[in-house]
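Report on one structure; see the data block that follows.
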Number of protein chains: 2
Amino acid sequence: MKLEKAASQLEALGNPTRLQLYRILVRAGEGGLPVGSIQGKLDIPSSTLSHHLKRLVDTGLVTQERQATTLICRANYPGMNALIGYLADECCADASCAPAVGKAMA
Amino acid sequence: MKLEKAASQLEALGNPTRLQLYRILVRAGEGGLPVGSIQGKLDIPSSTLSHHLKRLVDTGLVTQERQATTLICRANYPGMNALIGYLADECCADASCAPAVGKAMA
DNA sequence: ACCCTATTTCGAAAAATATGGAAATATGAT
DNA sequence: ATCATATTTCCATATTTTTCGAAATAGGGT
């Protein structure tokens, strides 16, 4: 993963509203959630939600699929795993990093 | 870890310059690196660097220790691990998340 | 064609961030 | 005390982000 991409994903998650939004999608599981449902949980205007959602989609952390008039949103687990992997790798690059998360000592 | 804190740390890392800066500190290992050294590697004005550094320190991702006139900066590994843990937990909360990073199936 | 719901785009304003030169502060050496 | 180096703080500016109402678009249903 390129540093630029990692940074953009981190930035996307680095906003309380978006992190909360992402959390909701993660907890929703594979089935995902329509935009309207998310709005009910977050209680923010639809235009604001749409912007945040777009940000997460643009950075590859969330995917969307149309089902008639509703748009289903899903957390992109592989995307998140790649990001976590990047952070873990950076963290343990050539430093001792004992309590690392599942990274074999290189 | 509170969502707010996670978000602020993610935001801190979500800037290319700061992510690069953090990476440099991680790779520097336990010994850390003086601000001046970092500046040489990043080639940005000292005031800009100082601002970015402060951001990382404020969010708890970097620690600093004075040694005479130079300030040694170190990546705060436990801090990063806590953040990675938070992300991994969120990611695997109640969803199937097969390729997770070292998280036992709950 | 018209209507209804879902969602996005437009447009605009407020707030936050990023950047860096210049001046200030910190610490030690002479 | 003076100087020299290291780093921060002050200040200002350009850019980006955040927010959201209003209008537009998308996708059916009748």
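When reading the values below, keep in mind they use all heavy atoms of this one structure, side chains included, and skip hydrogens, waters and symmetry mates. Owing to the predicted nature of the structure, the values given are computational and were not obtained by experimental measurement. Here is how names work: the chains are called A, B, and so on, in the same order as the sequence lines, proteins then strands, and each is numbered from 1.
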>> I'd like to check B/Y86 versus A/L19 (side-chain heavy atoms, cut-off strictly below 4.5 Å). Are they in contact?
In response: yes
>> Let's see if you get this right: which residues in residues 50-57 of chain A place a heavy atom under 4.0 Å from DNA chain C?
In response: A/S50, A/H51
>> By the salt bridge (Lys or Arg N to Asp or Glu O under 4.0 Å) test, which pairs, at least two apart or in different chains, include something from residues 57-66 of chain B?
In response: B/K54-B/D58, B/E65-B/R74
> By a strict heavy-atom criterion of less than 4.0 Å, which residues belonging to residues 1-16 of chain B are in contact with DNA chain D?
Replying inline: none
>> Between A/M80 and B/L87, is the side-chain contact (heavy atoms from CB on, under 4.5 Å) condition met? List the steps.
In response: CA-CA 8 Å; A/M80 172 57 101; B/L87 288 180; 3.9 Å; yes
> Does any residue of residues 61-73 of chain B have a heavy atom under 4.0 Å from DNA chain D, and if so, which ones, in number order?
Replying inline: B/Q64, B/T69, B/T70, B/L71
> About how many Å separate OG1 of B/T48 and NE2 of B/H51, when rounded to the nearest 0.5 Å?
Replying inline: 6.5 Å
> At how many degrees, to 10°, do the end axes of the helix from C/dA1-D/dT30 to C/dT30-D/dA1 meet when each uses five pairs?
Replying inline: 10°
>> Expected output is a numbered-order residue list: members of residues 37-47 of chain B with a heavy atom under 4.0 Å from any atom of DNA chain D. What is it?
In response: B/S46, B/S47
> Does anyone know the first and last nucleotide of DNA chain D in reach of chain B, 5' to 3', at under 4.0 angstrom to a heavy atom?
Replying inline: D/dA6 to D/dC10
> Could you give the distance from CG (A/L56) to CG (A/N76), rounded to the nearest 0.5 Å?
Replying inline: 11.0 Å
> Roughly how far apart are B/L49 CG and B/H52 NE2, rounded to 0.5 Å?
Replying inline: 8.0 Å
>> Can you give me the closest heavy-atom contact between B/C73 and B/V35, atom names plus distance?
In response: SG-CG2, 3.7 Å
>> What I'd like to find out is whether the side chain of A/R27 reaches to under 4.5 Å of the side chain of A/I24, using heavy atoms alone.
In response: no
> Distance from A/I72 atom CD1 to A/T63 atom OG1, nearest 0.5 Å?
Replying inline: 10.5 Å
Which side-chain N or O atoms in residues 3-15 of chain A pair as donor and acceptor under 3.5 Å with protein atoms at least two apart or in another chain?
from  : atom 1 : to    : atom 2 : distance (Å)
A/S8  : OG     : A/K5  : O      : 2.9
A/Q9  : NE2    : A/T59 : O      : 2.8
A/E11 : OE1    : A/R55 : NH2    : 2.9
A/N15 : OD1    : A/T17 : N      : 2.9
A/N15 : OD1    : A/R18 : N      : 3.1

> Nearest 0.5 Å, what's the CG-CZ distance between B/D89 and A/R23?
Replying inline: 10.5 Å
Which atom pairs, donor and acceptor, lie under 3.5 Å between side-chain atoms of residues 36-46 of chain A and protein residues at least two apart or in another chain?
from  : atom 1 : to    : atom 2 : distance (Å)
A/Q39 : NE2    : A/I44 : O      : 3.3

> Which atom pair, heavy atoms only, marks the closest approach of A/Y77 to A/V26?
Replying inline: OH-O, 3.1 Å
